[in-house]
Amino acid sequence: MAEAPAPRSPLAGLADALAGARADGVTLTDRSARARFNLRIDPKDVEALTAAGAILGGSLPRTPNTAATTVNGKILLWLGPDEWLVTGPAEEGAQLDDTLRGRLDGRHHALTDVSAMYATLALSGPRAREVLMKGCRLDLHPRAFKPNTCVQTALAKANVILHQTDDTPSYEITVRNSFSVYLATWLLDAMAEYRQG
Amino acid sequence: MRFRLKEGGRIDRAQRLRFTFNGRSYEGYAGDTLASALIASGTHLTSRSFKYHRPRGILTAGAEEPSALVQLGEGARTEPNLRATQVELYDGLTAAGVNAWPSANCDLAAWTGRLAPLFPAGFYYKTFLWPASFWKSLYEPAIRRMAGLGRAPEAPDPDSYDKMNIHCDVLVVGGGPAGISAALAAGEAGARVMLVDDEATLGGALVGLRHRVDGVDGAAWAQAAAGRLAAMEEVRVLTRTTLFGYYDHNSLSAFERRTDHLGPGAPAGTSRQRLWNIKAGRVVLATGAHERPLVFADNDRPGILLASAAQRYLNQYAALPGERAVLFTNNDAAYEVAHDIVEAGGTVGAVVDCRPEPAAPLAPALKEAGVALHTGSAIAATHGTKRVRSVTVAKLDGDGGLSGEQYRIFCDSVLVSGGWNPAVHLFSQSAGKLTYEEARGIFLPGTATQALEVAGAANGSFGLAACLAEGAAIGARAAEAAGFGDGTPPPAPPVEAPEPGAITPYWLAPGLKPLGHGKAKHMVDHQDDVTAADIRLAAREGFRSVEHVKRYTTVGMGTDQGKTANVNGLAILADALGKTVPEVGFTTYRPPYTPVTFGALAGRDTGALMDPVRRTAMHVWHEAAGTVFEPVGQWHRPWWYPKRRDDKHAAVARECRAVREAAGILDASTLGKIDIKGPDATTLLDMVYTNAFSTLKVGRVRYGLMCGDDGMVFDDGTTARLGENHYLMTTTTGNAAHVLEWLEEWLQTEWPELKVYCTSVTEQWATVALAGPRARDVLAALAPEMALDAHSFPFMSVKEGVVAGVNARVFRISFTGELSFEINVPWSHGRRLWDALMEAGAEHGITPYGTEAMHVLRAERGFIIVGQETDGTTTPHDLGMDWIVSKKKADFLGKRAWNREDSRREDRKQLVGILTDDPKKVLPEGTQLVDKRGQPPIPMIGHVTSSYASPTLGRSIALALVKGGRARKGETIYAAPETGFLPCKITEPVFYDSEGAKRDG
Amino acid sequence: MLWIDCPWCGARPESEFRYGGEAHIARPDPATTDDAGWGDYLFMRSNPKGVHAERWMHREGCRRWFNALRDTVSNDVLTIYPMGTPRPDAPGDEAEGG
Amino acid sequence: MKKFSIFSLARNALSHHEHWPEQWRSPAPKPAYDVVIIGAGGHGLATAYYLAALHGITNVAVLEKGWLGGGNTGRNTTVIRSNYLWDESAALYEHSLKLWEGLAQELNYNLMFSQRGVLNLIHNVHDLQEATRRVNANRLNAVDAELLSTEEVKAFCPILNTSPKTRYPIMGGTLQRRGGNARHDAVAWGYARAADARGVDIIQNCEVTGIDVEAGRVTGVQTTQGTIAAKKVGIVVAGHSSVLAAMAGFRLPIESHPLQALVSEPLKPVLHCVIMSNGVHVYVSQSDKGELVIGAGLDPPNSYSQRGGLHTIEDQMGAIVELIPIFSRVRMMRSWAGIVDVCPDASPIIGKTPVEGLFINGGWGTGGFKATPGSGWVLAHTIATGEPHPLNAPFALDRFTSGALIDEHAAAAVAH
Ligand SMILES: Cc1cc2nc3c(=O)[nH]c(=O)nc-3n(C[C@H](O)[C@H](O)[C@H](O)COP(=O)(O)OP(=O)(O)OC[C@H]3O[C@@H](n4cnc5c(N)ncnc54)[C@H](O)[C@@H]3O)c2cc1C
Ligand SMILES: NC(=O)c1ccc[n+]([C@@H]2O[C@H](COP(=O)([O-])OP(=O)(O)OC[C@H]3O[C@@H](n4cnc5c(N)ncnc54)[C@H](O)[C@@H]3O)[C@@H](O)[C@H]2O)c1
Ligand SMILES: Cc1cc2nc3c(=O)[nH]c(=O)nc-3n(C[C@H](O)[C@H](O)[C@H](O)COP(=O)(O)O)c2cc1C
Ligand SMILES: [Zn+2]
């Protein structure tokens, strides 16, 4: 195992634009660096679910369109009936990988390191919802979409994982790397109307 | 502003605005529309009609306007065909009427009107036939010179557009009394409500009337209600917003004009217009009704307008339609208009009522005010050219004909009212069924098929009290359905307004001559110049369906889509056919309700945001290196890297030489990668690939072809066995998503018993292909701990280890024929790897190469590219790749299809090499091949799929699919005539290192 | 825009899905199926005017396949049901064509 | 048939246009016909016309459930071209194009057939390869075709944005100068009038509800106007092909989808050719009335609803505005849909069915308007002689068993 050098954000090329991405009532920041694992477990395999939950410090959410934060700081995103995205701080990646793998060994599952596959953008502020409404067909109204709601959907012309993290509202938008510059550019454009002056 | 009343109206007299129309300067006030400001200035002539270039004026005061169409603004911001009745005035506005040259006042094309007898409905189908050659050279160009109304801008649009998606429990369309009370009721119950109205302010018809609600002026009540709605957190009101389309599953779309009314004063950064895509729980349609004109001889002169429009100009804009008006009606309600005019100090010369004994409540008051009342009469002619100057009123006989008694009445405006058509457009778009009510001659909403209800005038409830009550009841019901409130409507406010009164439908007033004789025109469709005679002609010629008549005469096909014309038209058709109105039926209502700009439909998906550009981790490096990118699907891949003044050819040759002689690197990150895990992973691969994977050893890699069950190749790639039950599959760049879906589809729908998980890791791994005889040296410098010799790291195997300081997977596969390593590192280290390779490779002459060089190199080696050597009609056998088709496996996708007759044909197109006799000539890819020279038609025997100047061989090479080609090696054939029938030889499809001696370096 | 109920994610716009065509077309045994049978499997469709049993996949979401009965005239979705289960009865379930 | 001309117009003007005869009769159905054609679209009417005009079979009825020409004939974007890739297609469509070239005079009806050129745009290397392949093939098949550079594209259609800075720059184009448009309604009406004049009964508001088959042979049809016996029957119902096939007891490799189109408000003409781009899914032309006629993509779910969703139109508007920026402020005036019958290989089915005496012509999908004359011509031949003409023989139903598809997807050109 090599001592990993610092990763480079897929949005590195947009760093300057993002640094200035503050419009009236909404901000956009790059939160790409983190550990991410795609986890597949047959939901009928209760033991596997329990084992994973034990390591993660909280059970994998079974309710569609939700995310759960565990006691040891992992965020578990529901992606499908047998699919989750497990995320945590970047530096905990290797360890998480090892322990999960160890616990699930011998059971039918798939644990895939996708830490480097996505960019994550944080969009926050009272106008954040309105910015998203410009490109997302889902109902983002607080009656329907709340903190810990997490969906996979289309935002503009990119597929994203959209996770509301608080009721400012703030969102984390996770998108495949190759679409990230497009999506960030799109978001900056959608925010332009709220920019002063 | 000669016709502006001294006081009254809802305009802001403190703000005077200047504008130019048809070259003349005018003034108006804030709150005016272009139409109201013109009327206040005494101008009725605006533009010219489509076919006969007849003078056109303002007919209505709203969205239904067919006639007063203008070209707004100039230069890049000019906009064609706007309705003057909906253009809000701003300072500095310039506009001109459409379809007139040099001006609406003096239009040179007005001669067409004089030839009108030659131009009845559908005349163009009957002529311009001889001589046939004249159609293209003379007739059609002339027709096209006359075509169209306004002009498209000549420069790109400087403004921006955007979209919003929104959900609500209750969507209320229309902000008149019915809509407002529906929104109030639903909003108070707590539902999420959206109210849209296409006017600048709420109030609907109330704004143009003097009715009172809750003890105050109706417009003021609407203003107050708007305030109440604005205060409700869950209610969103959008004005200047047209709900234009009602689609399936209660999906609706609206079109908001955000800055148009501000003219040049619009704030920068705000989109000009916005498209709203709405998903509604329930919909309340409160879209009101459109007054319908009466059809009489020359009813289209400027100065002739709808009675309700005149009333609105008077009450909303304090503008009189003229000095002396004549009212022509078939109903009681219109008397109110005359009454309002008289009250405001205007003059009404006469009321002409076609009913023999009307009992309009306001009639006595009007008589008292000196207004002449002509009952049982009709307007039989109008006079004046660019403005109506007088009318001939004629007494009707018992059969509806003229009795002979006539009066000439001087006037400068004629106000017509033929009753009201409920605005059922959206209801009908929603796939709701309409019903016909004989008594009032109206189409009404019948059975709905979606979650909606209709309130107010749109539902045929023309009385104000009824509108308010109906709106409230439906609003409360809609909220209840969404789970808010108990469905009890709030009490309706008291009103002071006359009841609508009686009406006798009246479809066609006789003229002085029989219909179609003489010059007079009974205009049905003011925009397209469709007359009652045209409709009768169509019926006479056998066009019986209303849809045929629409298309033959073009009635209702203009920019207004017949809002004022259609019902009159079909009633006239019914009469001509001896049928009833409902038997004739109506033409289909279609979106949009009123026209919507392409810009708004595009939203912000234009320019760089039109479609995502997918970028790799090294994209910024490529950009800085000045690479020319090749679009591959949404990806941008480096195509070639120009150096100094290299042209494409020189750059590609240089890149190829570097790979063959030293080392090159290619950004291969775009290849699809799928991680496949599970005890049945091997079974899955054995089914989806033509060859076997069960025999593949861990740590080894195998190339495979994927076919559909029709036997045709659709993808290829290498798959590595990383563990007993763990594979990494690669796919072509363009097919990555498709292949993953393909696997999932089979797993979920056909073989659910297989225990396999597939996960895309395309963008987890950045991939660099390092190729060339020096590749090993370069890699060794970056991966000192990795054994790279051919024995420890054989061809078609995979190793994990550290490269350039990061964990990597390295594959020994080769798409160039040279010694080659495909190095995969996490995407976030892709750029680091690239930089490290460039640095470490510098002493070995490392050269980045693009997709073009890659294509050349692989073609030299005879490797196919799916999508280039294949086109969806190619089998593995056609490609000469039988070696990769398992004979042992009982079943796999594609196999069965090869037994079919067509797959067994001897003369299928097969992959071969092609060498031009002249080694310098490079055939264009796609070139067709023939057996002999001559004059077309010549049978084709195949086509060139790939073709390049090969720097390695110093000559051109090509791959081709040729009928029965494998058996024809050595034969001479010819390229298509475009190349001058270049002679070529059929060869093996491998030109370089056919033994594979180079792949180990 | 149709709104389809993904059995997992709930109502989502049609644009999030891949339409999978007619449901219940099982892949026949290649060993025992003649050319005509294979052609039928590959290409022949009932394409009814009325209730249609069809497949959808929630491409932008959970990527799961499922079946639906939809009226091809009104576009009303009558039922959603899992892959692998037989076609349920539906109100008005007698299609023209078939 | 009274002849239409400028003189007849002038003559009739004198009598206030009161003496024009019906363009076609509205007869009641007879109990039996030699041939019944189901569907009075352009193809059905053309079939009847050629049966009468070329094969002397005049005891023919065309049965139409609605109004003649009200199906896809009346709702298509009217692109006419013959630059198809495969020999079989090129032969059929070119035959059709040749018929178009004299059709207005033959039918004595101005179809406003206008050969102002069809320009297909090229946006990437792959497009260029396909374009070269197709242009070469066309020329070898004696079909006119040209490959244009970006500059030539710009010269031919100056309003196109040929800047290299666009998201999908234009790398060139292919041009068929003989391609163009025709007035869709006039085509139906012209054929109807000419067929009617030769004795064909066109019966509207007459829906076929059943097909009578005895011992494997068709004997007639059930309709909303009663039973009609027929020796031979042709199914020519476009989007409803599967429904009629089901009545006769067989299935087709066809799925029906809504295909949308839209028109803008009428503008002074600025676009004089047909622009098509497969790469960004655009096709647009401007009619002789001035409206831009624009086709959208297929709505994916099978449907007989003759309506689509706005998203399908939205998807394409970004591309239109990108290609032709001056259209951004132009407005959509009306949008609609037709139901198209799509075959897996994007080629039609014309020929015999499993039922003897029953013939079918369908599966034209998004591109059959251009084939109207040729399609009617070959179907008339097939019905009259009982055997397919060499032009339509490859388009038989059994190709789905043999695998001999005519896969026009391979040509990658939009099929309109
Ligand atoms: C939006 C759109 C754009 C298109 N653009 C182009 C283009 O640019 N170029 C091109 O070449 N093609 C185009 N097409 C395709 C083209 O319109 C069709 O392929 C062609 O018009 C089919 O003609 P038809 O006569 O077979 O069908 P139709 O005109 O549809 O006629 C079939 C008739 O059968 C009738 N019918 C159905 N069922 C019954 C029954 N049970 N009993 C009696 N009658 C019945 C129908 O009412 C209909 O009138 C387009 C299609 C659409 C929808
Ligand atoms: N005297 C009569 O015979 C008579 C007849 C009809 C109506 N009226 C009067 O008219 C009023 C009718 O009230 P109402 O509320 O039913 O209708 P309304 O006409 O007052 O309001 C309808 C509103 O909907 C808007 N609208 C229509 N279509 C729209 C669309 N697609 N998108 C956005 N906005 C759209 C209109 O601009 C208008 O503002 C009452 O005051 C009634 O007395 C009188
Ligand atoms: C080539 C073409 C041009 C058209 N031009 C117009 C037009 O100028 N105005 C109009 O209202 N409709 C126009 N239409 C659309 C028709 O009004 C109608 O929508 C179409 O024939 C489908 O019929 P339906 O909407 O009645 O179902 C046009 C249709 C076609 C095919
Ligand atoms: Zn889902």
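In what follows, chains are A, B, ... by sequence order, proteins preceding strands, each numbered from 1.
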Whatever's closer than 4.5 Å to a heavy atom in chain B on D:L9 counts as both
Hey, are the side chains of B:M557 and D:R334 touching, using non-hydrogen atoms and a 4.5 Å cut-off? no
Nearest heavy-atom contact between B:P156 and D:P325 is CB-CB, 3.8 Å
Using a 4.5 Å cut-off on heavy atoms from C-beta on, say whether the side chain of D:L140 contacts that of B:P977.
yes
query = Less than 4.5 Å apart, any side-chain heavy atom of D:I294 and any of B:F598?
reply = yes
Please walk me through it: do D:E22 and B:R544 pass salt bridge (Lys or Arg N to Asp or Glu O under 4.0 Å)? CA-CA 10 Å; D:E22 286 187 330; B:R544 307 204 168 168; 2.6 Å; yes
Applying a strict 4.5 Å limit to non-hydrogen atoms, the region of D:S402 in contact with chain B is both
So do the side chains of D:N141 and B:M940 get within less than 4.5 Å of each other, counting heavy atoms only? yes
Report task. Take atom CZ of B:R151 as the centre, draw a 6.0 Å sphere, and report whether it contains more than 12 heavy atoms from other residues, nucleotides or ligands. Result -> no
> Could you walk me through whether B:D159 and D:R329 pass the salt bridge (Lys or Arg N to Asp or Glu O under 4.0 Å) check?
Replying inline: CA-CA 9 Å; B:D159 292 325; D:R329 297 173 95 86; 2.8 Å; yes
The interface call for D:L271 against chain B, heavy-atom contacts under 4.5 Å, is backbone
Query raised in the report: How about D:F113 and B:W135: are their ring centres within less than 6.0 Å of each other?
Result: no
Is the shortest side-chain heavy-atom distance between D:N110 and B:T127 below 4.5 Å?
no
Okay, B:F255 and chain D: the region with an atom under 4.5 Å from a heavy atom over there is neither
_With a 6.0 Å cut-off on the ring centroids, do B:Y589 and D:W336 count as close?_
no
Whatever's closer than 4.5 Å to a heavy atom in chain B on D:E291 counts as neither
Using a 4.5 Å cut-off on heavy atoms from C-beta on, say whether the side chain of D:W189 contacts that of B:R551. yes
- Tell me, do B:N277 and D:E314 make a side-chain contact under 4.5 Å, heavy atoms counted? yes
Whatever's closer than 4.5 Å to a heavy atom in chain B on D:D288 counts as both
Checking B:K136, B:R144, B:E140 against D:S114 for side-chain hydrogen bond (donor to acceptor under 3.5 Å, both in side chains), the one that qualifies is B:E140
Q) Does B:E901 CD have over 12 foreign heavy atoms under 6.0 Å away? A) no
So, the part of D:V321 with a heavy atom under 4.5 Å from chain B: the answer is side chain
Cut-off 4.5 Å, heavy atoms of chain B, and the answer for D:S8 is neither
So, the part of D:R183 with a heavy atom under 4.5 Å from chain B: the answer is side chain
*Do B:T851 and D:V125 come close enough that some side-chain heavy atom pair is under 4.5 Å?*
no
If one checks every heavy atom of D:A188 against chain B at 4.5 Å, the contacting part turns out to be neither
Original post:
Just by distance, with hydrogens left out, do D:Q23 and B:Y125 show a side-chain donor and acceptor under 3.5 Å apart?
Top reply: no
Look at the rings of B:H548 and D:W67 and say which category their plane angle falls in: under 30° parallel, 30 to 60° tilted, over 60° perpendicular.
perpendicular
Okay, D:T401 and chain B: the region with an atom under 4.5 Å from a heavy atom over there is backbone
